[in-house]
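Mind having a look at this structure? Questions to follow.
Letters A, B, ... are given to chains in the order of the sequence lines, protein chains preceding strands, and every chain is numbered from 1.
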Amino acid sequence: MDSWELRQKFLLYFNASGHDVVPSASLIPAGDPTLLFTNAGMVPFKDIFLGAEKTSRKRAVSIQKCVRAGGKHNDLDRVGFTRRHHTFFEMMGNFSFGDYFKRDAISFAWNFLTRELGMDRRHLWVTVYREDDEAEHLWREVTDILPERIVRLGEKDNFWQMGDTGPCGPCSEILVDQGEEFSCGSPDCKVGCDCDRYLEIWNLVFMQYDRNADGVLSPLPRPSIDTGMGLERLSAVVQGKHSNFETDLFMPLIRTIQSHSRVPYEEGQGSLDHAYRVVADHLRSSVFLLHEGIAPSNEGRGHVLRRIIRRALLFGRELGLPHPILPVLAESVARMMEKPYPEIGTSLSRVQDVLRMEEGRFHQTLESGLPLVQEMLRTLEKKQEKVFPGEMLFLLHDTHGFPLDIVEDAARMQGILLDYKGFEEKMEEQRERGRSSWTGKKEEFPLSSDRLPRAVEFHGYEKSSLQGDVVLLLNGKNEVKEVHAGEDVLVVLDKTVFYPEGGGQVGDVGDLIGPFGYIRVRGAKKPYPGWIVLTGKVVSGKVAVGETVDQHVDEEARQGAERHHTATHLLHAALRTVLGDQVRQAGSLVSPDRLRFDFTYPQPVSPENLLAVEALVNGWIFRNAAVDAREMEKSKALDMGALAFFDEKYGDRVRVVQVPGTSVELCGGTHVRSTGQIGSFLILQETGVAAGIRRIEAISGPLAYQKSVAWRQELKDIRGLLEAGTTPLEEKVRFILRENAVFQKEIQSLKARLFALEEKHSRKEFLEVEGHRLVVMHFVLDDPRELRVRMDAIKAGITSGAVLLIGESVDKLAFLGWTSPDLGETFPISSWVKTLAADVGGRGGGKPSWAEGGGPKPENVANFLQSAKNRLEEAFRSRFHMTGPLSGRIG
RNA sequence: GGGGGGUUAGCUCAGUUGGGAGAGCGUCAGGAUCGCACCCUGAAGGUCAGGGGUUCAAAUCCCCUACCCUCCA
């Protein structure tokens with residue numbers, strides 16, 4: 001019986017007994033931030049069980065796709081090494097919401113297994129909770145189970161709870177005895193043993209209590225049923241397979257992998273079969289997670305996904321899988337799962353794209369990190385040590401982004417443990433660095449939040465000038481009644497038009513004019529909800545608590561900020577249009593003179609896409625749509641599809657800023673009235689700010705215009721300098737560069753030829769002893785590198801001997817010495833270069849047969865040169881045991 | 001915002017206490033072959049990311065900048 005048939009039978013069976021067939025919910029739990037992924041069949045019904053969601057539905061049946069990886073129940077590193085662990089699995093379950101209870105749950109389950117699937121009751125066992133007499137009684141009453149097959153177990157195995165508080169209750173599990181050959185062989189092997197003989201296949205949870213914060217259980221008014229049976233397990237049992245991986249849910253995929261591998265799959269017996277299981281399992285979860293729109297990243301769900309993908313690749317390497325392989329395997333997964341999940345086929349090509357990218361990226365990471373790991377392991381082996389140093393772990397993680405579980409996998413094979421403690425210490429240092437660099441900039445507000453009698457009214461959305469009464473004054477950190485000229489102050493008014501820093505938008509600047517003094521406002525903040533505090537400096541006179549002041553926001557600055565804020569929304573929308581919905585805001589700065597927008601995206605944005613984004617934003621600006629900003633119910637805003645990515649605590653009423661047809665976002669900032677006011681939008685640069693996060697900086701309005709004027713002027717100036725006339729500038733520059741390169745080369749080769757020629761025709765003095773030649777020469781030159789070229793020319797004519805060249809420039813002498821290979825040991829020129837350089841107060845060195853040196857020019861150069869020559873010749877002669885002068889000339 | 005690492009020929013990368021810029025692949029030419037692949041010989045191809053400093057001498061050491069990777073906040 002294949003898995004498709006099992007699915008059908010299960011759904012039909014329960015549907016026939018009044019259960020609604022509910023399609024599998026998303027792997028991303030809706031509205032549940034505590035949960036990384038849907039990891040059990042009941043997750044989509046959690047709110048119903050908790051009583052938070054009302055439903056008229058009484059019974060449901062589902063086959064829920066689940067992912068278990070990361071978070072508390074992390075089996076990731078076991079997957080592949082067992083027959084049963086998966087990161088992705090499907091949970092079949094029937095549910096009763098205050099409808100039927102234990103009796104029906106037991107009889108439904110029993111009948112499905114024995115009648116629908118035809119299982120032999122002699123192979124079935126059940127466990128019940130130690131104190132649950134009722135359950136045991138019902139098993140005896142409503143089923144024909146052999147009574148001695150009912151086993152009682154404790155809380156660990158048979159009591160279920162969702163959390164520390166809330167619904168909970170005993171459960172009852174159905175097990176299949178697979179027979180002796182599945183046993184671990186231990187004499188204690190019985191129900192409850194971890195081995196595969198007694199395989200748990202179905203867990204029936206009887207939700208009957210509510211646990212309060214003190215741990216006290218009280219009966220639920222409407223007890224419920226939640227059951228779960230893994231499709232993979234059931235398939236293995238029904239198909240008589242030893243392992244879930246041998247079933248039709250995996251085998252086609254494993255066969256695909258095998259067709260690309262050098263190592264055969266041996267049905268659980270091969271030494272690399274675990275790698276097959278890892279790759280197959282991880283591919284399934286990757287395809288489904290990617291389908292949900294999760295992208296590989298460095299945090300949260302994306303991080304788990306990245307680890308899964310990368311682990312698959314690592315084990316793929318063991319199998320010698322080619323690269324890129326994931327897109328191919330993803331297709332195989334899609335083909336297998338299309339029948340129950342048709343939507344998987346439609347997203348396949350996008351999923352393949354992401355996989356291909358991630359695979360390439362991982363290969364780079366591996367190639368830089370693996371040699372380091374292997375070298376470390378070799379060193380440890382040599383030293384007979386069994387602990388992988390934490391410092392090295394940190395280096396791998398911090399610098400190379402190398403996944404540590406991969407290090408662990410590699411180390412395990414040598415019986416080496418990882419020093420996680422040392423690693424954590426390094427990590428903590430790193431965090432401390434991050435924190436200290438940050439907290440230095442965060443200023444504490446000196447007053448407590450209850451010092452303000454009532455919330456400051458904000459009128460900045462409608463106007464830019466207003467009168468207000470001074471409620472609080474601070475001079476530095478002290479609360480005062482009065483402030484005076486020259487003081488830096490904090491001011492709180494009863495109502496204000498100054499926008500306080502928030503949502504990325506910087507605070508307004510402007511002026512406060514009181515009856516006796518004048519304050520220049522540099523910014524505004526909200527240290528606590530309801531507060532708006534102006535920071536500034538008293539320019540003249542004095543200002544006191546209780547006075548009424550005229551407030552004027554600097555309108556030019558404000559308008560600049562508004563242009564950039566609306567432009568930010570348009571940019572966000574454009575990025576999502578061009579790059580896809582995976583783009584999420586990750587930070588934003590809106591100031592009068594620029595905007596900075598950080599967003600999630602795994603790679604640099606291509607120049608073409610950047611142009612497209614810029615064009616799109618400008619198009620929206622030219623269309624001059626009215627910007628609509630208004631308050632509304634939060635739920636209504638979310639229904640409109642408003643983007644709300646910041647974790648700010650939005651109240652029930654939220655402000656929604658909308659550019660019709662383009663962008664809807666929750667936003668407390670100030671905006672232009674219509675997009676046309678932005679004028680124009682210019683991206684200045686796109687950079688990376690962290691792994692998976694890109695940053696765009698841009699300007700708008702008059703600034704964009706001024707920038708383009710400046711660029712034009714710059715181009716014009718360059719054109720003038722280059723005398724480009726009407727030639728395209730790029731062409732002209734290329735021409736000049738090319739010409740320059742040709743000149744350089746020409747000069748070089750001309751010099752070489754010139755020196756060769758000089759060499760040939762010069763009356764070069766040399767000393768020859770026993771067929772060995774010594775040449776000492778002196779040149780005036782402006783580039784010491786010239787000596788090398790001359791050396792090439794001179795040494796070309798010498799088969800055995802030594803050459804010392806002395807170059808004289810304005811204030812320095814340079815030495816270059818060479819000895820033919822046969823004399824390298826006998827007459828090491830390096831010692832001469834060293835000596836002579838030292839004589840003029842410099843230094844030198846190199847290899848015996850090639851040395852360079854130099855130093856300041858001595859006062860009497862001619863004398864120095866002559867004496868150097870004499871000394872060298874003397875040494876050369878005595879070295880080769882000759883006395884008479886045998887110097888000659890080539891003329 | 002704060003760390004760590006990287007940038008060398010068209011591509012992939014070596015380059016040891018600072019001392020003549022390299023390899024493989026690719027390109028081009030010649031050879032060999034009926035022809036192709038392979039093979040043999042040779043050549044072209046480099047502001048060692050950019051700038052500054054230290055030094056007699058910097059791809060190499062130090063500082064700054066740009067870009068890329070990565071971690072922390």
Side-chain angles (χ1 to χ4, degrees), chain A residues 297-299 303 306 360-369 371-372 391-404 423-424 426-442 586-587 589 596 598 602-605 607 685-695 737-738 740-745 747-749 752 783-796 803 805-809 811-819 829-830 833-858:
Chain A
S297 81
N298 282 318
E299 55 174 44
H303 180 62
R306 169 167 282 176
R361 196 189 278 260
F362 184 55
H363 260 81
Q364 276 184 324
T365 306
L366 273 192
E367 264 151 40
S368 65
L372 295 175
E391 203 164 324
M392 188 66 190
L393 289 176
F394 181 73
L395 177 89
L396 285 165
H397 171 73
D398 182 64
T399 299
H400 301 281
F402 200 84
L404 296 191
F423 169 74
E424 271 306 322
K426 284 275 167 192
M427 217 49 200
E428 190 47 45
E429 281 174 34
Q430 160 98 309
R431 288 191 193 101
E432 190 47 48
R433 263 201 303 276
R435 265 195 296 272
S436 60
S437 80
W438 184 247
T439 47
K441 303 199 158 75
K442 210 169 193 174
L589 173 74
R596 199 176 71 192
D598 297 347
Q603 59 189 331
V605 182
Q685 64 168 355
E686 189 269 353
T687 58
V689 55
I693 297 181
R694 309 297 305 176
R695 167 174 294 176
L737 286 176
R738 205 164 43 232
N740 193 44
V742 170
F743 288 162
Q744 296 276 0
K745 197 145 290 180
I747 288 171
Q748 237 181 348
S749 83
D783 182 358
R785 273 174 293 192
E786 238 180 52
L787 278 185
R788 291 181 191 161
V789 188
R790 289 197 179 263
M791 179 63 87
D792 283 341
I794 294 166
K795 77 186 172 77
V803 181
L805 303 184
I806 303 175
E808 180 186 348
S809 61
D811 54 346
K812 281 179 185 171
L813 286 186
F815 303 94
L816 180 60
W818 169 84
T819 316
I829 198 73
S830 55
V833 170
K834 258 183 219 164
T835 311
L836 293 174
D839 288 346
V840 297
R843 289 186 296 131
K847 296 178 287 188
S849 60
W850 180 279
E852 292 171 56
K857 192 151 93 176

**Message:** As a test of reading the structure: which of B/G19, B/G3, B/G1 is closest to the side chain of A/Arg695, going by heavy atoms?
**Reply:**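 Shortest atom-to-atom distance from the side chain points to B/G1.
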**Out of B/C71, B/C56, B/G19, whichever nucleotide has its closest atom nearest the side chain of A/Lys812** =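 So the side chain of A/Lys812 is nearest to B/C56.
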**Request:** Compare side-chain N and O positions of A/Gln685 against OP1 and OP2 of B/A66 and report whether any pair is under 4.0 Å apart.
**Result:**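 For B/A66, OP1/OP2 do not have a side-chain N/O of A/Gln685 under 4.0 Å.
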**Message:** I'd like to check the side chain to side chain contact (heavy atoms under 4.5 Å, CB included) partners of A/Ser830; sequence neighbours left out, ordered by chain and number.
**Reply:**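 Residues passing side chain to side chain contact (heavy atoms under 4.5 Å, CB included) with A/Ser830: A/Pro828, A/Pro848, A/Ala851.
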**Prompt:** Between B/G4, B/C72, B/G20, which one does the side chain of A/Leu395 approach most closely?
**Reply:**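 Per side-chain heavy atoms of A/Leu395, the pick is B/G4.
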**Item:** Nearest-0.5 Å distance, CG of residue A/Leu813 to NZ of residue A/Lys857
**Value:**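 Taking CG in A/Leu813 and NZ in A/Lys857, the distance rounds to 7.0 Å.
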Please list, one pair per line, the donor and acceptor atoms closer than 3.5 Å that link side chains of residues 393-403 of chain A to other protein atoms, with sequence neighbours excluded.
unit_1: A/Asp398; atom_1: OD1; unit_2: A/Gln430; atom_2: NE2; d: 2.7

**Closest listed nucleotide, where the reference is the side chain of A/His397 and the choices are B/G20, B/C67, B/C72** =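 From the listed options, B/C72 comes nearest.
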**Message:** Which nucleotide wins on minimum distance to the side chain of A/Thr399, given the candidates B/C68, B/C71, B/G5?
**Reply:**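 Out of B/C68, B/C71, B/G5, the nucleotide with an atom closest to A/Thr399's side chain is B/G5.
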**Asked** In Watson-Crick or G-U wobble terms, both distances under 3.5 Å, what is the partner of B/A57?
**Response**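 Across all strands, not a single nucleotide pairs with B/A57.
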**Asked** Checking only heavy atoms, does the side chain of A/Glu852 share a donor-acceptor pair with the base of B/C56 at less than 3.5 Å?
**Response**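 Checked by distance alone, the answer is no.
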**Asked** Side chain of A/Arg694: nearest nucleotide among B/C71, B/G20, B/C69?
**Response**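 From the listed options, B/C69 comes nearest.
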**Request:** Counting heavy atoms from C-beta on, name the nucleotide in B/C71, B/G20, B/U55 closest to the side chain of A/Arg843.
**Result:**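 Output: B/U55.
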**Stacking of A/Trp850 on B/G20 base (centres under 5.5 Å, planes under 30°)** =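 It does: the two rings, one from A/Trp850 and one from B/G20, meet the stacking criterion.
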**Item:** Between P of B/G4 and CZ of A/Phe394, the distance in whole Å
**Value:**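 Result: 10 Å.
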**Asked** For the base of B/G20, is there a side-chain donor-acceptor partner from A/Asp792 under 3.5 Å away?
**Response**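 Flag set: donor-acceptor pair detected.
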**Item:** Nearest-neighbour nucleotide for the A/Glu686 side chain, B/C71, B/C68, B/A57 considered
**Value:**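 Among B/C71, B/C68, B/A57, the one nearest the side chain of A/Glu686 is B/C68.
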**Rounded distance in Å - CD (A/Glu429) to P (B/C71)** =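 Atom CD in A/Glu429 sits about 18 Å away from atom P in B/C71.
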**Request:** Verify the contact: side-chain N or O of A/Arg788 to OP1 or OP2 of B/A21, cut-off strictly under 4.0 Å; return yes or no.
**Result:**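 A/Arg788 to B/A21 OP1/OP2: side-chain N or O found under 4.0 Å.
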